[in-house]
Amino acid sequence: MSTQAIYSVCGMCTVRCPIMAEVKNGEVEFLQGNPHVAAMKGSICPRGAAGKALIRDHERIQAPMIREGKRGEGKWRRVGWDEALDEVAERLKAVTQKYGAHSIAFSDRGGPFRDLHQAFVRGLGSPNYTNHDSSCARNVQHACMSVAGLGRKDLVYDLKNARHVILQTRNIFEAINVQEVNNLSEALANGCKLTVIDIRATISASKADRFMLVRPGSDYALNLAVIHELLMQKLYDAEFAARWMKDIGRLEEFVREYTPEWAETETGVSAGEIRRFVRDLAAARPAVIWHPGWMTSRYMDSFYVSRSIYIINALLGGIGTKGGLPFANKPGDVGRKGLKKLVDLVPKPTEKRVDGVGWRYKHFDGGPGLAHLIYDAMESAEPYPLKAYIAYRHDPLMGFPDPDRLLQKFDKLDFLMSVSFTWSDTAWYSDVVLPLSPYLERESILACKNGLKPHFFVRQRAIPPRFDTRADWEILCGLAKRLGIKELAFDSIEAIWNYQLKDTGVRAEDFNAKGFVDLTDAPKYAQPDNFKIPTPSGKIEIISDKLEKQGLPSLKPYESPKRPPDGQFRLTFGRCALHTQGHTVNNPMLFEQMPENVLWINDKAAAGLKIADGERVTVSRNGYSETIAAKVTALIHPEAVFVVHGFGHRLPVESRAFGKGLADNRFMQGGLDLWDPAGGGIAMQEHFVTVAKIR
Ligand SMILES: Nc1nc2c(c(=O)[nH]1)N[C@H]1C(S)=C(S)[C@@H](COP(=O)(O)OP(=O)(O)OC[C@H]3O[C@@H](n4cnc5c(=O)[nH]c(N)nc54)[C@H](O)[C@@H]3O)O[C@H]1N2
Ligand SMILES: Nc1nc2c(c(=O)[nH]1)N[C@H]1C(S)=C(S)[C@@H](COP(=O)(O)OP(=O)(O)OC[C@H]3O[C@@H](n4cnc5c(=O)[nH]c(N)nc54)[C@H](O)[C@@H]3O)O[C@H]1N2
Ligand code: SF4
Ligand SMILES: [Mo]
């Protein structure tokens, strides 16, 4: 048989790059970036390439499982799909009858295919759809909303056309989005400057023109000093500010005391360097992108750091501007109709959300709310009991702090279910586990990508499922049928696609040529005359009424982060190019490349503790400890130790990952309660650990 090219969407991480799979005799032979998407340059990242190993992996979930023993004991009964879906439907009905449909919560990984999930939750009759984001980018989302009235994805990072890019708490060359990496690389080759602000020297730092090593948690001080310089030295874009920004006087007053000299004592970056940096920013404006951050669930002030970044981008005239952060076009902005939403098929439940978002917390984005507050309600039963939880492509026991505490909350549930393509801590603790086909073995609903050039795209099934697994629509429509949610009882993916495409002028077969359909020919930038900034004033707002009404400051005074006591370090974490979060350690291909994480520790600090490079050390906190190999280096701030997140697996079904490396989230005892009421994000880097030589 000849080789067939199938256009699809990578699913090895949340980025979901457009890919092309070459398939022969029912096997995936080769994976590459979709050649019709210029910014992919035909490439994918190492994790994307490991999609082949995921398919072959016998240690993924092969069939539906119903728990036999106690929760977490690992005794399972392997069942067929009819029995599994019947069981789930019965359990959900029982909870609904006893406590009402609102006592069911559902969390996922957000992203372009969530419409079907949201429709399903609505169909159940529950307002409690949520996602992982209070452990990821909620602070950025809320910062963008509070400053510009927009969601974070309504602004594009126009990396290709930038003249200066600033990465602060953003390691773009290791925490990868392939198109961003390619666009930034191209810009750098064309003379764009790169500044990296981090607590350790990353691969991104190694490519930077300027690297600022800051004291962990002091970023807000640096940014306030930058605003101070921009305003006091009149280096900002006064024309843009006069037309598009409100409350500049209040900002000037607020930052007056935050001089570069003051920031030097907080951050360790010299006042002279801060001044030179600000002059460089002014020289490159408005084609400057100061990235507002992605994984910002780190500090109690991360939301305010992100706000300060949006404010700086505006002061540089970059918001809405080519080479800065232009507005993303939706289909309507280019004269087209968007996809029909599945969620509109089902009436919206009238019950208020259990996490308080929208009524107790009016300043938060109503969409997914805040998962950690849903977990609280499982225990407190406030404002009402939460009794069933579906973790759908989500592993909160790995992705949220303090898993032991989270288990106590899960123990109050009548029903816990996971839908996943690999085993996970949460799946292992569930009552029923439904195995999702890996992305190369499933198709998804159509999705729309807003941007300079908005488009619809499709994920095709490249090969049939190898094990007894199913696609999202098969699982959720199968449940919908059993639960009497008639609106979602679709029999085929084509029926869903046809519904989504109604009135758009696009047909399902139009995706065959390239895997996507452009809604406009060329990238479109809004002109300043038709900027639409959906804040109450129509301008970038320094003072946010929504925050103030909640009794929260718009301009929060800086508070110096605590310094760790002697022998202790702030536990910091991040990503590496070879793994995705917690779920690729057991992937045969990626495990071979990187089987465990190591503890970055500053060389002088290590010398004081007599720890040599490569030596195993004990890390402990509150009586809990694990061991790990030390990576002794001058390239990390002495107050911090750093690990790549996602290791320390303990599931017997994962023979490779088992017992390898350290689990950062286990050292965050009490961490579920540490969250910022202004930004909504969990603050995961507010924990100190003791590091000791093993005697
Ligand atoms: N390879 C790979 N790519 C991914 C992912 C993955 O798992 N693997 N996950 C995707 C997801 S979900 C996300 S959210 C993004 C995350 O993308 P990023 O947020 O860029 O990734 P991280 O590595 O978590 O963090 C970035 C940097 O923050 C630094 N940092 C820690 N504390 C501080 C501090 O106090 N100040 C400063 N200035 N820097 C600090 C860390 O050292 C790290 O280098 O990556 C996405 N891409
Ligand atoms: N301590 C600590 N905690 C963190 C972080 C950290 O750095 N340190 N990072 C935070 C961040 S940025 C995030 S985004 C969250 C992530 O937290 P999660 O969203 O829970 O993480 P993932 O591992 O991406 O995915 C969860 C599960 O979905 C399953 N899955 C099912 N289908 C698919 C699919 O099609 N594709 C993929 N990719 N997975 C699928 C995976 O097997 C995995 O078990 O964790 C956060 N928590
Ligand atoms: S960044 Fe890598 S793993 Fe993530 S979707 Fe793209 S190719 Fe796949
Ligand atoms: Mo994330």
Side-chain angles (χ1 to χ4, degrees), residues 9-16 45-47 51 54 60-61 107-111 113 131-137 140 167-178 180 196-205 212-219 222 267 291 293-299 302 305 391-401 418-427 435-439 442 444 459 472 561 570-584 586 600 636-637 639-640 642-646 663-668 671 682 684-685 687:
V9 177
C10 182
M12 287 300 284
C13 87
T14 184
V15 172
R16 302 172 176 95
C45 83
R47 299 163 300 142
L54 170 69
R60 68 178 158 94
I61 312 167
S107 69
D108 67 13
R109 194 66 163 69
F113 307 120
N131 68 19
H132 71 293
D133 211 36
S134 70
S135 66
C136 178
V140 189
L167 302 177
Q168 180 176 32
T169 324
R170 175 78 183 96
N171 182 10
I172 213 166
F173 289 106
E174 291 176 272
I176 295 171
N177 169 321
V178 172
E180 286 186 6
V196 170
I197 305 163
D198 207 298
I199 55 152
R200 60 188 185 111
T202 59
I203 302 281
S204 303
M212 301 195 226
L213 182 82
V214 290
R215 181 158 94 85
S218 70
D219 295 82
L222 179 75
T267 62
H291 197 294
W294 191 348
M295 200 298 173
T296 46
S297 293
R298 294 180 192 271
Y299 298 104
S302 290
V305 175
Y392 197 106
R393 203 199 146 161
H394 185 200
D395 183 11
L397 287 173
M398 173 73 70
F400 275 86
S418 279
V419 182
S420 178
F421 65 20
T422 64
W423 281 105
S424 69
D425 289 353
T426 309
L436 194 58
S437 299
Y439 59 97
R442 73 179 195 252
S444 299
R459 170 185 275 148
D472 309 78
R570 188 179 287 273
L571 180 60
T572 71
F573 52 77
R575 267 132 276 287
C576 66
L578 287 164
H579 284 291
T580 300
Q581 303 295 355
H583 75 270
T584 56
N586 203 53
W600 290 47
I636 182 167
H637 193 280
E639 284 184 18
F642 172 91
V643 290
V644 170
H645 167 64
D664 54 347
N665 57 330
R666 292 188 172 273
F667 293 87
M668 301 175 185
I682 296 261
M684 296 196 215
Q685 282 192 182
H687 306 276

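Just so you know, ligand 1 is whichever comes first in the structure, and atom 1 is the first atom listed for that ligand. Because only heavy atoms are used, hydrogens play no part in the values below, and waters and symmetry mates are left out as well, while side chains stay in. A quick note: this is a predicted structure, and the numbers were derived from the prediction, not measured.
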Which ligand 1 atoms does [X] reach within 4.0 Å, using its non-hydrogen atoms?
| X | answer |
| --- | --- |
| P216 | 35 (O) |
| A577 | 1 (N) |
| G217 | 35 (O) |
| R200 | 41 (C), 42 (O), 43 (C), 44 (O) |
| T202 | 44 (O) |
| I199 | 30 (N), 31 (C), 32 (N), 33 (C), 34 (C), 35 (O), 36 (N), 39 (N), 40 (C), 42 (O) |

> Where do N665 and L397 come nearest, in terms of heavy atoms and distance?
Replying inline: ND2-O, 3.0 Å

For ligand 1 and [X], I'd like to know whether there is a polar contact (N/O to N/O, distance under 3.5 Å).
| X | value |
| --- | --- |
| R170 | yes |
| L578 | no |
| F642 | no |
| R215 | no |

> Looking at side-chain heavy atoms only, is the closest gap between T169 and T296 below 4.5 Å?
Replying inline: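 No; the side chains remain at least 4.5 Å from each other.
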
> Mind checking whether Q168 and L222 have side chains closer than 4.5 Å, heavy atoms only?
Replying inline: yes

> Is the backbone of R215 close enough, under 3.5 Å, to the side chain of E639 for a donor and an acceptor to pair up by distance?
Replying inline: no

> What residues come within 4.0 Å of ligand 2, counting heavy atoms only?
Replying inline: G11, M12, R109, H132, S135, C136, M295, R393, H394, D395, G399, S420, F421, T422, S424, L436, R442, F573, R575, Q581, G582, H583, H645, D664, N665, M668, M684

>> With a heavy-atom distance limit of 4.0 Å, tell me whether D198 approaches ligand 1 through its side chain, its backbone, both, or neither.
In response: both

> With backbone taken as N, CA, C and O and side chain as the heavy atoms from C-beta onward, which portion of D219 lies under 4.0 Å from ligand 1: side chain, backbone, both, or neither?
Replying inline: side chain

> Looking at ligand 1, does C576 have a heavy atom less than 4.0 Å from it?
Replying inline: yes

>> If I take atom OG1 from residue T572 and atom NE2 from residue H637, how far apart are they, to the nearest 0.5 angstrom?
In response: 11.5 Å

